[in-house]
Amino acid sequence: MLLIHCPYCEETLPEVEFVHAGQAHIARPDLPSSQTDEEWEAYLFIRTNEKGIHAERWRHVHGCGRFFNALRHTVTDQFLTTYKAGEPRPELPVEGGDQK
Amino acid sequence: MSQFRVAGRGRINSGRRVRFTFDGKEYSGLEGDTIASALLANGVHLVGRSFKYHRPRGILSAGSEEPNAIVGTSRGAGRYEPNTRATVQEIWKGLTVTSQNKYPSLKFDIGAVNDAAYMLFSAGFYYKTFMWPKAFWHKVYEPFIRAAAGMGVSPSEPDPDTYASRYLHCDLLVVGSGPAGLAAARVGAEAGLRVVLVDENAEAGGTLLSEPQAQINGQQAWDWLAAELAGLKAKGVRIMTRTTAIGYYHQNMVGLCEKLTDHLDVLPKDMPRERLWRVRAKRVVLAQGALEKPLVFHGNDRPGVMLAGAAQTYLNRYGVKAGHRPVVLTSHDSAWYAAFDLEDAGAKVAAIADTRPAVRGDLIAEAGKRGIPVLLSHTATTTSGRLRISSITLAVVKDGKTGPETRYACDCLLMSGGWTPSLHLFSHTQGKLAWDENQNTFLPGFTQENCGIAGAGRGLWGIEAALADGLERGREAAAALGRSVDAAPVRVENDRTGTGVSHTELPTRRDAGKNKSFVDFQNDVTAKDLRLAVKEGMRSIEHVKRYTTNGMATDQGKLSNINGLNIAAEALGKEAPKVGLTTFRPPYTPTTFGTFCGYHRGSHFEVTRKTNIDSWAEENGAVFEPVGQWRRAWYFPKAGEDMDAAVLRECRATRAGVGIFDASTLGKIEVVGPDAAEFMNRMYTNPWTKLMPGRCRYGLLLGEDGHIRDDGVIGRMAQDRFHVTTTTGGAARVLNMMEDYLQTEWPDLQVWLTSTTEQWSTIALNGPDAAKLLAPLVEGVTLTEEAFPHMSCVECTVAGMPARLFRVSFTGEIGFEVNVPAYLGRALWDVLWEVGQPLGITAYGTETMHVLRAEKGYIIVGQDTDGTVTPGDAGLSWAVGTKKRDFVGMRGMARPDLVAPGRKQLVGLLTEDRSRLEEGAQIVFDPNQPIPMTMAGHVTSSYHSDAVGRPIALALVAGGHERMGETVYIPMPDRTIAAQITSTVFVDPENARLKI
Amino acid sequence: MTTTLSSRHPGVLATSPAVEVSLAEPRGRLSLRARGDLTPFARVLGFALPERIGQRAEEHDIRAIRLGPDEWTLNTPMAAVQRLLEAFAAIYPDHPHSLVDISGREVSLVIEGAQASDLLSIGCARDVEAIPAGEGRRTMFDGTTVVLWKDAADSYRLDIWNSFAPHVLDLLKTGCAELAAEARQA
């Protein structure tokens, strides 16, 4: 029931067109076989479970098909911004500030 | 005209007569009456019994907040609905109404002994009473609770009505069509916004319908209302009545339930009963008004006790007097007007008792003019009357002390404890409430939604104030959307403004510990219960609510929450805002399951996907099974055959001649681009670089955790083009996973993915005669071992149709899969069927497919694997390109627990007694160990095998690959079965049968 | 519920006083995926590919709609499919792309009439009225992914994968009956 802005379509659209795809900015190591067990465990399983502003991935699966990133407040469910895959996490003017 | 219907009053006096029955007795009302107004017009106040004490109850309100007048309604088979609010439901010709919570009759009820034994049923009754002895739980307590639980009787027949749903987008949604809502809608429309105005009542107008005395801009209120509504319609406002805003969800999505047919005598064909609207509004104005609070005193629940505002509504809107001799008990000015209206309509008001020591002079004067006795600083201490109130006992309160009591005879009591803004929808937005010291109530505060609150919903009182506030909220909404508009203020004369005070339980000279002063009428929660809950240690209002069930009835605390809070706060010795309100949750009013289901029931419950060959299966008597969203032919029984016989015949025919199978549901993905092979190398365990165009290979897909996710045969159609197949259920998942890697990890790769699952109809031909059947139909390739060996693929024509032909086998026999454009699938099947007749071609379904593949030890991902199985566990290490630099799951496969000894591995099982095992049955090594036994694995696949001559099974067994020949045990409820561990390949381990 | 829909049997499937649902004639359908310089593809097609997601372009009965940053669907006469496949194959070595024939994958339903938008509102969460005529969108209708072509304010086409089409049609039929009932009531 959320409205989500797709940064590729540049439209704000109903949630039913999207699927959630987990925490954002977890890059797959270039050569996983060089990873220690601890590093690989961290890549596979360790997630932040943020209370507050969370960077997460969505896919506009029933629209343009693109994966993209979003900053969403996990308490209010408000989307603060969305941005294309591969782009760095944007600085928010009020990040960490009063979210009510 | 009944003696309670007042000539010349109300909006429905010219309506036709409508007959209905209540508990078997026939009554008549007027078109437009609710059940409640029609019963009141007939002098009936007693309409139900309460839930816990089975106390007689009447009609308390005139709206959706009603806790007492809850009835069953019916219009015939399957159309019985329990727990309908009599104050909302309109009557229709032939309506059958029954009272609830009574046995054997409403007037004499056995359950009312609960009332006499009320000391037993105090707060936390269930928690305390059913604690011990433990042995009583099953035999005594649970049956008792089950019998007593629930209100009304559930309908037992399927619902013959249909339900609908729609999405609606607008600029401004206004909830509530009273003066504030009308004004907001007006401004929005004049600003050029797309405006939707909804109201749960049959008629728009809200308070205006109950206050005909008002003059708005010089016009009589109802005339002004009619003109205003016509004006709104002309400006394109969508006005929806009988439509309740049931929930306010994120980003201004509001759910509406529109009742379309419940008020009609005859149900129109194809018209849904109710429709759920999912409205997405840029701005919302909530103009839901306020709810009148009951006063809390001993005996405040008798039939005939009614909210004063409700009595005013019944009189002015329906032309019905609540009684001939009312007493009015109030702490707010508004109830005085109800007294005046009733007196003017011919009732004889016995007294107006106000709890306040001083009241506005004009009210006193108006009462005096009418000869109504006025009692200030008064409290009520008790009432009498078994099935209807017959008297109220009042006493003066002086210096905090209750003085001597006086009884006043009456036939109804009109009470008002002031008004509470309707906060429900606002609370759904997670909006913060702000305590208002003056009104002793919560008002809406901050919300993150684009939402304004207008009128009585934020504590304003009077029509003029509501209109002005509505205009302002409308202007605000328009401005937020970049529109500005001027709206002239509206003048109101004869406006009934007023103020009041708030109370907890009214003071009494009696023993408050024995008082039954109801707070939540439907759940029979008294002020005493709330105090007891606090005394017994409940500190949070949420705990008090659950311990007492206050506010948990179908009215969701509309009347009880604020009174409950004030009483609990007093008991806690805290200020009300420090205690806080419990959370209001959707839906605002009880909503049918039908409304939420909408169209999704019966055959439309969920998508059922069918292949283009499904029609042949249906025509030929297939039994179907669901596989994901697909329905697939399971087996094709001939006359007299059961499933086992049909599957045995299909298996035998395929191994002896040729079988034909619809494999169209297999997922298919076209992987195209210069980096196609590199992409395949990275996704699948297998190496792809050296696979020649025209050849195919079994592909295994893992997750990063090293566990098997999917598999399928993949053909290289050209250097840069792969035809990937996936499992039927895995198609969308695999494509999503591939897109994820491609878009986010390897965006530099020049390769693209296209779903072709539904582009192709796929027909599998298997058996020693498969090539013989197909060869004459194929142009472009010769079906010999040399020209087209096992694991080949080619683009050619089959029976003149463009095709992709694969030589693959999922049975161990010579096998082909012919892919043609989906719209040609049925045509090709018909040709093959025809041509195959001399060869005894046999159609087989998914069950035979399962048996034949199990005989060869071919796994089914998701059946023989469960998300924890590695290629090594499944005996598929041969499919892993260990020399590759990297692929998805390569690192995962090396995790310590995935290479540890004793993992569950896929093996074959043959039972010693030649019985067929149950899939899912647990396996142990030692059947004589004490219970609970140590499980060593489970059976994943099990079938009778015609080719082997006995049942076979596949199983995951700890260390299974090292246990060949050992005996394991499968304990079943009646016996323990011994089975020997074998290879997973039961038939033709040399693959000799694959050769043409 | 209808078993299967075949574009080889086009025609009217459902009606109400102000909207009609019909099955479109068979058309060629190609999924084109490419990025970078798009001019070579424009040369093959004879017109430039639309630039914004949701935009369309059309020449000589070949219609292109952009569905994603690197994705277009070409809707063509059946007879044009083979020619386009060959023409695109010819430029593949210099301009790698993906062109996949999906003519068999889907069917199209045409929804026309004054209440076309109302009918779509029973299953589409989008504000279809806000989509400009002459554009299109991939979206959801009743749980099914569809490509919606808006030809005019009162005329839409839905491209639907074969196996989902009967489900979609079933709801459209229910909706037509409902709109008809409302019209009788009014």
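All chains are named by letter (A, B, ...) in the order of the sequence lines, taking the proteins before the strands, and each is independently numbered beginning at 1.
- In this structure, chain B has no heavy atom under 4.5 Å from any part of A:Ile4.
- Residue B:Asp897 places its CG atom among more than 12 non-hydrogen atoms of other residues, nucleotides or ligands, all under 6.0 Å distant.
- The contact between B:Asp886 and chain A is made entirely by side chain atoms (from C-beta outward), counting heavy-atom distances below 4.5 Å.
- Note: A:Leu3 leads A:Leu3, A:Leu2, A:Leu44 in heavy-atom pairs under 4.5 Å with chain B.
- At a 4.5 Å heavy-atom cutoff, A:Phe68 makes no contact with chain B through either its backbone or its side chain.
- When A:Glu50, A:His54, A:Glu56 are each tested for a side chain to side chain donor-acceptor pair (under 3.5 Å) with A:Arg72, only one passes: A:Glu56.
- Taking the six-membered ring for Trp and the full ring otherwise, B:His428 and B:Tyr248 have centroids separated by 6.0 Å or more.
- With rounding to the nearest 0.5 Å, the separation of CD in B:Glu704 from CE in B:Met890 is 11.5 Å.
- Within the 4.5 angstrom heavy-atom criterion, only side-chain atoms of A:Arg59, from C-beta onward, approach chain B.
- Only the side chain of B:Gln430 comes within contact range of chain A, with heavy atoms under 4.5 Å apart.
- Side-chain contact of A:Asn69 with A:Thr82: a donor-acceptor pair under 3.5 Å is absent, judged by distance alone.
- Here the two rings, on A:Phe18 and A:His60, have centers that are under 6.0 Å apart.
- Contacts of A:Thr12 with chain B are absent, with no heavy-atom separation under 4.5 Å from either backbone or side chain.
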